[in-house]
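First listed ligand is number 1; within each ligand, the first listed atom is number 1. In this chain, residues are counted from 1 in sequence order.
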Amino acid sequence: MFCYQCEQTAKGTGCTRGGVCGKDPQTAASQDVLLHVTKGISMYAHRARQLGASDHDIDVFVLEALFSTVTNVDFDPQRLRAMIDRAVELRAKAKALYEDACAKTGKTPEELSGPATWTPAEDVGGLLAQAAEIGVESRRARLGEDIAGLQELVTYGLKGVAAYADHAQILGQENDEVYAFFHDALDFLTKDDPSIDELLGMALKVGEVNLQVMGLLDAANTGAYGDPVPTQVRIEPVRGKAIVVSGHDLKDLEELLKQTEGKGINVYTHGEMLPAHGYPGLKKYPHLAGNYGGAWQDQQKEFDAFPGAILMTTNCIQKPRDGYRDRIFTSGLVAWPGVRHIPDRDFTPVIEAALAAEGFTEDGPDRHITVGFGHSAVLGVADKVIEAVKSGAIRHFFLVGGCDGAKPGRNYCSQLAQAVPDDCIILTLACGKYRFNKLDFGDIGGIPRLLDIGQCNDAYSAIQIAMALAQAFATDVNSLPLSLILSWYEQKAVCILLSLLHLGIRNIRLGPSLPAFVTPQVLNVLVEKFSIMPITTPEDDLKAILG
Ligand code: SF4
Ligand code: SF4
């Protein structure tokens, strides 16, 4: 196997014998094969759409297939096998759709090859051999490191966008242009002779479409649950039976809250579910009791100690320990071999497991943090913020956030946040916030110094806030007293970075290490065009930013 799609990739170059994440070679091969057949679907779907024909099952499946290959989502070769078989069926459907559209419009269908006609092996040995033929390493050997690396940049960006588009469509927000772009971009990735400029152009287009998709997801979340409002969240347990919900899928959380009403079970958020507490449509449930634990990489220890049931919605899952294997459940696209999966939002088995477990035997201390500073809440006090900047009470804004991870060096974020001077505001989002979100940062004239904007996709909110401030000061985002420090781990962070680059935002600091798929030549281009830079030390970066 070869995989270098996330930040924790082995030796900073690539996982080859097994994934640092726990992905085994069979799972890795299954994901490579699924991606390849999905490109084949898109080759037909792209051409069919150009002739006015599309199919909703195909559109949604392409999102799900890409999302299933994101880091820490699907570790189950059996589930992936079923998806490969479905992909082959849908490729035939897409081919028929294209040929039918050609017949109706008097065109001669193109004879497609490559992923359009390729047949996945039935057995594990065959899949492993095929993955080696179609995988990154063979393309690196054939096309060179730069081209293959840029193809992967586009691919990983698409995977991240697919995750957001899938969440949005679950809540009823879809856009035909977005589906068309997925097919167009995956078709583009089947070309063997793209130039560096074409690939960079496509990467920025991924960023552009991601902005649109994060907007769709924002509309989906706020449409379903209202605009987030600043909300105090308990971070210690309360006595009683308990379920903890992790991942990003708010619909799963809502359904679980409905199904646990009146059952004497407290529901806790974990990881990226924390922002759920800010949504009026979710915080109204009195048994949404608080937040438990921290970011995804601490889950094994935290779930082991949790005296109730655990529901893992979309990423990031780690190998469950024996201590909680019989009380952890997955939903959506998440899968781990042997872990019970809830395919239909009937959470009865989760509730039964929670009732059978001991629950918390006593209340923890009274400790709270505040969440819910989405664009609506922050822009609601924009006058106050602008006045504070004009008067000099606020000197600078730092956006410190992104994905967290297990590698050493990630304490950079907590050190930086604590070293930020008292006259500066810290905006944060995604699970990287757990490095510092339980510290007291105080306020500036009533404006909290730490503003938790939400999940990683709420980067959309951060962008709206930055653009509104730029408008208020009659300038552009690059001229604002704002610095972006992003920690990245997996492919959603890649698409967010591409969105920021598409917007022309410069001087982004990226860490804890740069992506292995970005070659020195490509990095030079990014530095030249966008002044992107790696993080150094909190002290040196603060000095460089504030002078
Ligand atoms: S997802 Fe990351 S850790 Fe897992 S195999 Fe790929 S590069 Fe390695
Ligand atoms: S923000 Fe990224 S690393 Fe964190 S839980 Fe979400 S997908 Fe995983």
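Here the heavy atom of the protein found nearest to atom 5 (S) of ligand 1 is Gly19 CA, 3.4 Å. When hydrogens are left out, the protein atom nearest atom 2 (Fe) of ligand 2 is Cys403 SG, 2.5 Å; that is the closest non-hydrogen contact. Taking atom 4 (Fe) of ligand 2 as the reference point, the nearest protein heavy-atom neighbour is Cys431 SG, 2.3 Å. In terms of protein heavy atoms, atom 1 (S) of ligand 1 is closest to Thr71 OG1, 3.3 Å. Of all protein heavy atoms, the one lying nearest to atom 6 (Fe) of ligand 2 is His248 NE2, 2.4 Å.
Cys316 lies close to atom 8 (Fe) of ligand 2, since one of its N, O or S atoms is found at a distance under 2.8 Å. For Cys3, every N, O or S atom stays at 2.8 Å or more from atom 8 (Fe) of ligand 1.
For His270 and Phe303, the gap between ring centers is short of 6.0 Å.
The ligand atoms of ligand 2 that sit less than 4.0 angstrom from a heavy atom of Tyr489 are 3 (S). Close approach of ligand 2 to Asn315 (heavy-atom distance below 4.0 Å) involves ligand atoms 7 (S). Of all atoms in ligand 2, listed by their number and element, those nearer than 4.0 Å to a heavy atom of Trp296 are 3 (S), 4 (Fe). For ligand 1, the atoms lying closer than 4.0 Å to a non-hydrogen atom of Gln8 are 3 (S). Of all atoms in ligand 1, numbered sequentially from 1 with element shown, those under 4.0 Å from a heavy atom of Cys15 are 3 (S), 5 (S), 7 (S), 8 (Fe). Heavy-atom proximity to Cys21, at under 4.0 Å, picks out these atoms of ligand 1: 1 (S), 3 (S), 4 (Fe), 5 (S). Near Thr9, the atoms of ligand 1 lying under 4.0 angstrom from a non-hydrogen atom of the residue are 7 (S). Atoms of ligand 1 lying under 4.0 Å from at least one heavy atom of Cys6, given by number and element, are 1 (S), 2 (Fe), 3 (S), 7 (S).
Of the N and O atoms on the side chains of Asp298 and Tyr434, not one donor lies less than 3.5 Å from an acceptor on the other residue. When only modelled atom types and interatomic distance are considered, Ser68 and Gln31 share no side-chain donor-acceptor pair under 3.5 Å. There is no side-chain donor-acceptor pair under 3.5 Å between Glu302 and Tyr292.
A pairwise comparison of heavy atoms in Lys492 and Cys456 identifies CD-SG, 3.8 Å as the closest pair. Counting all heavy atoms, side chain and backbone alike, Thr9 lies closest to Cys3 at OG1-O, 3.0 Å. Across all their heavy atoms, Arg234 and Ala289 have their closest contact at CB-O, 3.6 Å.
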The test is side chain to side chain contact (heavy atoms under 4.5 Å, CB included); show your working for Asn291 and Lys438 and say whether it passes. CA-CA 11 Å; Asn291 180 250; Lys438 287 167 188 161; 4.2 Å; yes
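Two residues are said to be in side-chain contact when any heavy atoms from C-beta on lie closer than 4.5 Å; Pro448 and Leu451 meet this criterion. Residues Phe373 and Pro228 have side chains not in contact (no heavy-atom distance under 4.5 Å, counting atoms from C-beta outward).
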